[in-house]
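Inspection log for the structure reproduced underneath, given as structure tokens.
Being a predicted model, the structure only gives us computed values, none of them experimental. Every chain is numbered from 1 and lettered A, B, ... according to where its sequence line falls, protein lines coming before strand lines.
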Amino acid sequence: MQRKALERAWDDILRDPLPGRLAKPRSDHGLTMLIDTGLGVQETADLVRLAGAYIDFIKLGFGTSKLYPTDVLQEKIALLHSAGIDVYPGGTFLEAAVLQDKWREFLLRCQQLGLRTVEVSDGTIQLSAELRREIITTARELGFNVITEVGKKENDSHLPVSTQLQMIATDLEAGAYKVIIEGRESGKGVGLFDGNGQILRDEFDELVKSVGNPKQLIWEAPLRSQQEELIHLFGPNVNFGNIKPHDIISLEALRCGLRSDTLRYTL
Amino acid sequence: MQRKALERAWDDILRDPLPGRLAKPRSDHGLTMLIDTGLGVQETADLVRLAGAYIDFIKLGFGTSKLYPTDVLQEKIALLHSAGIDVYPGGTFLEAAVLQDKWREFLLRCQQLGLRTVEVSDGTIQLSAELRREIITTARELGFNVITEVGKKENDSHLPVSTQLQMIATDLEAGAYKVIIEGRESGKGVGLFDGNGQILRDEFDELVKSVGNPKQLIWEAPLRSQQEELIHLFGPNVNFGNIKPHDIISLEALRCGLRSDTLRYTL
Amino acid sequence: MQRKALERAWDDILRDPLPGRLAKPRSDHGLTMLIDTGLGVQETADLVRLAGAYIDFIKLGFGTSKLYPTDVLQEKIALLHSAGIDVYPGGTFLEAAVLQDKWREFLLRCQQLGLRTVEVSDGTIQLSAELRREIITTARELGFNVITEVGKKENDSHLPVSTQLQMIATDLEAGAYKVIIEGRESGKGVGLFDGNGQILRDEFDELVKSVGNPKQLIWEAPLRSQQEELIHLFGPNVNFGNIKPHDIISLEALRCGLRSDTLRYTL
């Protein structure tokens with residue numbers, strides 16, 4: 001589909017302070033994934049009209065998509081696809097299906113619903129490397145775009161960086177499109193964030209140094225301070241996940257230097 | 001009214017990880033009360049279409065219903081009633097009416113507006129046991145479903161557990177349907193929660209041990225950690241209050257084991 | 001335009017507990033400025049229908065208005081103006097224009113878009129007193145209502161109270177309508193608020209004591225505790241800024257004594 005360029009009222013007189021922000025379609029980097037824990041259909045349509053140009057993926061958080069009335073779910077999927085936004089169920093939902101030994105049925109139902117992306121994770125369950133690879137491969141064969149996630153949702157089962165690196169490499173080799181680094185909805189006391197949401201710099205640096213191409217990663221970074229720090233490190237097109245619906249425009253402003261925290265880079 | 005069962009797209013292949021969650025109508029337990037501090041009519045309709053099956057009561061927080069344009073208030077009431085959701089003004093509003101010696105007029109206006117439930121509380125004002133009983137009894141005689149609340153909104157006037165137990169017993173005896181345990185909107189530094197939102201376990205255990213039937217209580221528990229802990233203690237059908245609109249689906253996911261925090265119970 | 005009085009369902013039987021709250025139009029004090037970091041058009045219409053009587057200004061936060069599709073921006077402006085609400089771009093956006101030496105073009109575009117108010121600030125950039133005055137004067141000559149802001153968005157460049165007082169006096173003399181005291185969206189670790197959002201009372205008292213007329217100020221006070229404290233000090237018609245959309249009705253309830261925190265003043 002040919003999409004007409006986004007017309008914005010100020011672009012002919014003012015450039016974005018931070019240059020280089022990519023427009024859609026963004027297949028490689030510059031991605032923003034929103035976490036949706038219960039947007040109604042009209043609310044979604046309203047958000048998309050305002051900010052659809054800044055949303056690449058909408059994740060229906062954890063198992064919430066199981067709770068939708070079928071018609072509401074179908075309408076949201078159709079609405080988002082027609083706006084050039086991919087939508088997919090949260091990884092925890094697939095984990096629940098694995099526990100019931102129904103992950104193939106899960107994938108087939110995703111296919112029936114017209115979904116094009118799935119997330120494979122083991123934030124809660126134990127998942128052997130073999131089964132993880134099998135799920136990724138099967139999903140790829142069914143035509144899905146596969147995003148995987150690395151990290152545990154409970155801090156007491158924190159993964160060593162070497163394990164995370166191994167999983168990232170294996171997932172990409174098995175056909176994953178991107179790998180998400182776990183940050184949950186809170187961004188605190190999980191993954192690479194301490195209890196105050198500060199980045200654990202030693203582990204973070206070790207991870208980034210060893211990852212071949214940081215564009216392969218999506219950072220779950222719900223807090224503004226985290227977003228600012230990652231833009232500072234990686235530039236305006238770093239991939240973000242778990243952005244809250246009402247933070248979409250604020251994040252885009254951060255990416256473009258249209259907010260104090262990043263406008264100051266240009267001084 | 002005969003309500004058709006909620007059709008959900010995954011239910012034929014996957015069960016909810018935590019079993020036993022009750023469907024509507026839930027008259028005895030499994031109740032979710034949402035706190036509404038300013039949803040527009042369209043926003044309400046949108047939320048109800050998505051998640052109406054998971055909302056039993058909507059409380060128009062504190063005195064906000066006095067601030068509504070009359071037609072907006074009437075539309076919201078009609079919309080919610082037709083969706084099988086009960087709506088009622090916050091307890092603080094009735095307290096303001098008591099201060100003006102207009103609580104009877106307050107109840108009659110609620111009746112004129114078609115409201116079916118009222119809340120009786122003394123979170124801010126002093127209310128004698130006699131007047132509290134008289135208000136409950138009068139409201140019952142007028143045909144209202146009466147929910148009462150126990151607890152003070154200021155932490156420095158914290159009620160001893162023995163007093164709370166006495167009030168719960170007296171309210172139920174006077175005809176209250178359920179008794180809410182105060183948690184405010186914040187869930188911090190109030191009632192049975194400390195300044196970080198942690199449950200004060202000694203007092204909590206004392207209260208729970210002595211209450212005959214915990215189904216008679218509704219816990220105001222706005223924080224995810226509080227919701228998770230109460231589901232852990234009482235199961236998926238514990239009654240919750242002061243749930244924020246955008247947390248309705250997340251809470252239902254917690255109840256059903258469709259989120260990490262409770263999916264892990266099944267491991 | 002003659003606006004009919006707001007009809008509210010309880011006003012004939014109950015008065016607002018805190019008396020004296022002003023109705024619209026409020027040109028001098030009692031102002032509420034909402035910060036909008038991404039409301040859709042329908043969401044805005046829905047909010048205005050519910051709470052338009054309690055909103056005087058909507059600020060499109062920082063540079064977010066540059067990110068709007070042109071038609072969405074135009075619709076929001078028209079919608080808000082017809083509801084008697086003034087809308088203006090955040091000060092950071094004008095600061096970005098100053099950095100590109102395009103602030104005159106910025107003002108002209110505001111004029112083309114039908115905007116009637118602009119904000120002049122230097123929360124991020126350095127702005128000489130001369131240029132600040134020139135921008136204010138030019139905007140006034142173009143017919144704009146000018147709101148200025150005093151304070152830095154980074155706490156390590158905290159302004160002494162004497163400097164703030166000087167700027168307030170100069171801005172008002174140059175034709176500013178009101179002066180905003182910086183509080184950002186968070187209300188923490190910025191301006192007159194410490195890292196926990198508590199008011200720095202020594203500096204605050206010094207500022208208030210020396211300002212001739214506190215009605216000339218608008219306080220950015222996003223936290224309930226801050227709102228409550230300022231109402232306690234200045235009464236129900238203190239001017240507030242950076243109120244979040246879903247806090248509009250809650251703030252009005254605070255102003256009117258319809259919430260515990262201020263109802264208790266009347267005991």
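Contact annotation for Ala51(C): neither backbone nor side-chain heavy atoms come within less than 4.5 Å of a heavy atom of chain B. When heavy atoms are compared at a cutoff of 4.5 Å, Leu67(B) approaches chain C by way of both its backbone and its side chain. For chain C, no part of Gln112(B) is nearby; none of its heavy atoms comes within less than 4.5 Å. Heavy atoms closer than 4.5 Å to chain C are found nowhere in Leu108(B), neither backbone nor side chain. Contact annotation for Arg224(C): only side-chain heavy atoms (C-beta onward) come within less than 4.5 Å of a heavy atom of chain B.
Summarising the geometry of Ser260(C) relative to Thr92(B), their closest heavy-atom pair is N-CG2, 3.9 Å, with the distance given to 0.1 Å. Taking both residues in full, the closest heavy atoms of Thr70(B) and Arg8(C) are given as OG1-C, 3.3 Å, listed atom of the first, atom of the second, then distance. Across all their heavy atoms, His246(C) and Gly38(B) have their closest contact at CD2-O, 3.8 Å. Scanning both residues, Ser65(B) and Trp10(C), for their nearest heavy atoms gives O-NE1, 3.4 Å. Smallest separation of non-hydrogen atoms from Arg15(C) and Gln100(B): O-NE2, 2.7 Å.
Interface summary for chain B: among Glu252(C), Gln42(C), Arg49(C), the most heavy-atom pairs under 4.5 angstrom belong to Arg49(C). Of the listed residues Pro17(C), Gly257(C), Ser250(C), Ala53(C), the one with more heavy-atom pairs under 4.5 angstrom with chain B than any other is Ser250(C). Your options are Asp12(C), Ile13(C), Asp46(C), and the one with the most heavy-atom pairs under 4.5 Å with chain B is Asp46(C). No other option in Leu73(B), Leu39(B), Val41(B) has as many heavy-atom pairs under 4.5 Å with chain C as Val41(B). Put simply, of Asp261(C), Thr266(C), Ile248(C), the one with the most heavy-atom pairs under 4.5 Å next to chain B is Asp261(C). Looking only at heavy-atom pairs under 4.5 Å with chain C, the residue among Ala97(B), Pro245(B), Pro69(B), Ala96(B) that has the most is Pro69(B). Interface check for chain B: of the options Val48(C), Leu267(C), Leu14(C), Asp16(C), the most heavy-atom pairs under 4.5 Å are formed by Leu14(C).
Rounded to the nearest 0.5 Å, atoms OG1 (Thr37(B)) and CG (Asp247(C)) are 6.5 Å apart. Of the inter-residue distances, the one linking Glu43(B) atom CD with Leu50(C) atom CG reads 9.0 Å to the nearest 0.5 angstrom. In this structure, OG1 in Thr262(C) is found 9.5 Å from CZ in Phe62(B), a value given to the nearest 0.5 Å. The distance from atom CG of Leu263(C) to atom CZ of Phe93(B), rounded to the nearest 0.5 Å, is 11.5 Å. Atoms CD and CG, from Glu7(C) and Asp71(B) in turn, are 7.5 Å apart once rounded to the nearest 0.5 Å.
Residues Lys66(B) and Cys256(C) fail the side-chain proximity criterion, which asks for heavy atoms closer than 4.5 Å.
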**Message:** Determine whether Glu154(B) and Arg264(C) satisfy the following criterion, side-chain contact (heavy atoms from CB on, under 4.5 Å), listing intermediate values before the conclusion.
**Reply:** CA-CA 10 Å; Glu154(B) 267 191 310; Arg264(C) 69 173 60 114; 2.8 Å; yes
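The 12-atom threshold is not exceeded at CG of Asp101(B), counting heavy atoms of other residues, nucleotides or ligands nearer than 6.0 Å. Counting heavy atoms of neighbouring residues, nucleotides and ligands inside a 6.0 Å radius, atom NZ of Lys244(C) exceeds 12 of them.
The closest donor-acceptor contact from the side chain of Arg109(B) to the backbone of Ala9(C) lies under 3.5 Å.
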